[in-house]
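Computed from a prediction, not measured in an experiment: that's the story for all the values here.
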Amino acid sequence: MTTLTPPTTDYPRTLPDLTAPRRGRRPAVSERVLSSGLRVLVVRRPSVPLVEMRLRIPFQPAGGRYGTTHLTRASVLSQTMLSGTADMSTVDIAAALQEVGGGLAVGVDPDRLLISGNSLSSGLPRLLELLAGVLTGATYPSSEVSAERDRLADRIEMAESQPAHAARKALVRRLYGTHPYAVQTPEPDEVRAVRPPALRTLHAGRVVPDGSLLVLVGDVSPARTLDAVEAALEGWTGSADASALKPAPDPEPGPLLLVDRPGSVQSSLRLGLGAIGRADPQYAALQLANLVFGGYFSSRLVENIREDKGYTYSPHSSITHWQAGSLTVVDADVATEVTAPALLEMGYELGKIASLAPRQDELDQARQYAVGTLQLSIASQGGLAATLVTLAAAGLDIDWLHEQPTRLGKVTVDDVHAAASHYLAPSRAVTVVLGDAGVVAEPLAALGAVEEA
């Protein structure tokens with residue numbers, strides 16, 4: 001019989017000291033603004049013989065006329081934009097992309113239409129040709145639109161049956177009121193009512209180069225790539241009549257909003273607090289404060305309601321950035337019977353981070369994590385392309401990316417305390433709970449005022 005020898009080292013073992021984060025090399029960015037108004041950025045990254053493309057098109061409606069109609073049509077347009085041109089069917093487009101080892105995808109949110117693509121480096125001219133064909137000649141065939149809009153409506157209906165989606169929907173409505181961000185998912189029946197002519201009109205008026213940004217990252221020659229883009233997209237013209245999106249309102253704390261989900265065995269807890277954008281001088285401190293509080297697995301929130309009390313599996317806090325404002329969202333899904341205790345602990349941890357400066361070791365670990373994940377996020381061609389598009393939308397460039405590790409390195413515990421005391425104070429939180437009101441309403445009322453949806 002085999003005898004297992006116990007380890008000779010006593011536990012707990014001492015972890016090695018954190019090393020100083022290494023500053024990454026600043027990528028060289030080549031830029032050109034075409035006569036159409038399209039801004040093009042190219043970064044050479046020859047690690048693999050591929051190229052990643054991101055095209056960001058501002059997609060606010062003409063004249064600032066927001067409403068469910070624009071949201072619905074934009075959602076259907078994103079699903080059907082690749083469904084064919086005058087010369088190519090959706091199958092033809094897919095086959096042509098496959099020949100160059102590439103792909104195209106379209107997504108939309110309240111701020112922009114985003115076309116993502118990739119291919120072998122040698123296939124970039126063909127990728128650009130296909131992109132140009134879609135931008136200038138998408139036809140939205142009736143059969144394809146009918147099939148894709150029905151699939152989209154079905155997916156929305158499925159999402160609406162999920163607690164996470166319902167809780168998010170209730171939170172943004174509570175946070176944003178009459179602002180366009182208050183409704184981010186169209187109604188299934190409205191989706192099914194969209195017709196191809198409406199999509200063609202929307203495409204002609206909004207899918208335009210003026211104010212748009214194209215980013216290419218990969219094993220390419222920047223100068224030749226800029227010339228290739230200009231040649232391929234010379235036929236894409238037009239400007240949009242769009243009003244700037246008004247700033248999102250600051251969250252207005254009030255009674256906890258309880259959304260009834262009869263018979264639910266879990267409650268979805270969501271807290272929203274106003275935040276600041278990446279360009280704000282205090283952003284690095286807030287980023288680290290959020291990490292210490294609940295932004296990663298070693299956070300206080302995880303230690304409290306997961307490790308210590310076992311209320312939930314994966315509580316989390318994150319900062320979300322929109323064109324018109326930023327938001328910190330805290331979320332946790334817990335068993336119905338511990339809804340009120342879990343919410344109480346979430347408020348306690350917010351109060352603690354807002355009232356007391358973190359320990360130096362907490363700050364150091366959060367800083368190391370922030371710098372490391374930033375470097376990981378741009379380690380791939382696709383990650384760098386996506387990051388550059390995101391930064392550009394906020395009026396930032398590659399210098400922000402290069403300098404952010406230094407800014408994080410200079411943040412002190414007092415800086416974190418100052419940011420947290422203002423932006424993470426529990427008195428600033430908008431709170432939404434989705435759960436069985438018949439069970440959780442009374443315990444929640446013991447914590448404060450409750451308003452049932």
With no hydrogens and no angle check, just 3.5 Å: does a side-chain donor-acceptor pair link [X] and [Y]?
X    : Y    : value
S317 : N290 : yes
D364 : Q368 : no
R155 : Q79  : yes

Considering non-hydrogen atoms only, spot the tightest contact between [X] and [Y] and give its length.
X    : Y    : value
P222 : V42  : CA-CG1, 3.7 Å
A354 : A425 : CB-CA, 3.9 Å
A170 : V432 : CB-CG1, 3.9 Å
A453 : V259 : CB-CG2, 4.0 Å
S268 : A167 : CB-CB, 3.9 Å
A393 : R56  : CB-NE, 3.4 Å

Q) Tell me, which pairs form a ring-ring contact (aromatic ring centres under 6.0 Å, His included) where one or both residues lie in residues 421-453, sequence neighbours left out? A)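 Residue pairs with at least one partner in residues 421-453: there are none.
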Q) Pairs in or reaching into residues 314-342: which pass ring-ring contact (aromatic ring centres under 6.0 Å, His included), with residues at least two apart or in two chains? A)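 As it turns out, the ring-ring contact (aromatic ring centres under 6.0 Å, His included) pairs with a partner in residues 314-342, which skip direct neighbours, are Y181-W322, Y283-H321.
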Q: Determine, stepwise, if the pair R261 / E160 fulfils salt bridge (Lys or Arg N to Asp or Glu O under 4.0 Å).
A: CA-CA 12 Å; R261 193 167 189 262; E160 288 182 339; over 6 Å; no
Q) Which residue pairs pass the salt bridge (charged side-chain N to carboxylate O under 4.0 Å, His left out) test with at least one member in residues 317-337, sequence neighbours excluded? A)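 Residue pairs passing salt bridge (charged side-chain N to carboxylate O under 4.0 Å, His left out), neighbours aside: R270-D333.
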Q: Return each pair, listed once, that meets salt bridge (charged side-chain N to carboxylate O under 4.0 Å, His left out) where at least one residue sits in residues 344-353; pairs must be two or more places apart or across chains.
A: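 Those involving residues 344-353 are K309-E345.
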Kindly compute the distance separating [atom1] ([X]) from [atom2] ([Y]), expressed to the nearest 0.5 Å.
X    : Y    : atom1 : atom2 : value
L216 : L388 : CG    : CG    : 11.0 Å
L271 : M346 : CG    : CE    : 5.0 Å
R39  : L213 : CZ    : CG    : 6.0 Å
L175 : L171 : CG    : CG    : 4.0 Å
L34  : T237 : CG    : OG1   : 12.0 Å
L374 : H402 : CG    : NE2   : 11.5 Å

Q) Does the pair E307 and F297 meet the rule for a side-chain contact (heavy atoms from CB on, under 4.5 Å), with working shown? A) CA-CA 10 Å; E307 299 300 313; F297 197 75; 3.9 Å; yes
Q. R359 and E362: salt bridge (Lys or Arg N to Asp or Glu O under 4.0 Å), yes or no, with the steps?
A. CA-CA 5 Å; R359 302 189 311 271; E362 286 183 300; 3.8 Å; yes
Kindly say whether [Y] contributes a backbone atom to a donor-acceptor pair with the side chain of [X] at under 3.5 angstrom?
X    : Y    : result
T336 : Q266 : yes
D111 : Q323 : yes
R367 : V411 : yes
R195 : A193 : yes
H165 : M158 : no
R45  : L384 : no

**Q.** side-chain hydrogen bond (donor to acceptor under 3.5 Å, both in side chains) involving S299 - partner list, sequence neighbours excluded
**A.**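 Applying side-chain hydrogen bond (donor to acceptor under 3.5 Å, both in side chains) to S299 gives none.
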Q | Residue list, side-chain hydrogen bond (donor to acceptor under 3.5 Å, both in side chains) with R278, at least two apart or on another chain | A |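 Counting only residues at least two positions away or on another chain, R278 forms no side-chain hydrogen bond (donor to acceptor under 3.5 Å, both in side chains).
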(Q) Is there a salt bridge (Lys or Arg N to Asp or Glu O under 4.0 Å) between R149 and D154? Walk through the geometry before answering. (A) CA-CA 9 Å; R149 77 183 178 211; D154 290 343; over 6 Å; no
Q.
Heavy-atom count check: over 12 atoms from other residues, nucleotides or ligands less than 6.0 Å from E442 CD?
A.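 Result for CD/E442: open.
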**Q.** Neighbour count above 12 (heavy atom, 6.0 Å) for E252 CD
**A.**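 No.
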Only counting residues at least two apart or in another chain, list the ones meeting side-chain contact (heavy atoms from CB on, under 4.5 Å) with [X].
X    : answer
A370 : Q287, L288, L291, L408
T387 : S377, I378, L391, L401
T136 : W236
D397 : D399

Measuring only between side-chain heavy atoms, which start at C-beta, is [X] closer than 4.5 Å to [Y]?
X    : Y    : value
I276 : S326 : no
L114 : V389 : yes
V217 : R54  : no
L258 : E451 : no
I57  : R206 : no
R173 : V183 : yes
N304 : Y348 : yes
L38  : L55  : yes

Q: Run the salt-bridge test on E148 and R151 with the 4.0 Å N-O cut-off and return the result as yes or no.
A: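 A salt bridge is present here (some side-chain N lies under 4.0 Å from a carboxylate O).
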Q) Can L257 and T431 be said to form a side-chain contact (heavy atoms from CB on, under 4.5 Å), step by step? A) CA-CA 6 Å; L257 178 64; T431 304; over 6 Å; no
Q: Could you go through the side-chain contact (heavy atoms from CB on, under 4.5 Å) check for L343 and L256 one step at a time?
A: CA-CA 11 Å; L343 186 61; L256 178 152; 3.3 Å; yes
Q) Is it the case that R306 places NZ or CZ above or below the six-membered ring of Y313, under 6.0 angstrom from the centre and within 45 degrees of the axis? A)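 Yes, R306 sits over the ring of Y313.
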**Q.** ring-ring contact (aromatic ring centres under 6.0 Å, His included) partners for Y140, two or more places apart
**A.**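 ring-ring contact (aromatic ring centres under 6.0 Å, His included) list for Y140, sorted by chain: H203.
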Q) With H417, which residues qualify under ring-ring contact (aromatic ring centres under 6.0 Å, His included), at least two apart? A)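 By the ring-ring contact (aromatic ring centres under 6.0 Å, His included) rule, H417 matches no residue at all.
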(Q) Does T328 form a side-chain contact (heavy atoms from CB on, under 4.5 Å) with S318? I'd like the steps, not just the answer. (A) CA-CA 6 Å; T328 298; S318 60; over 6 Å; no
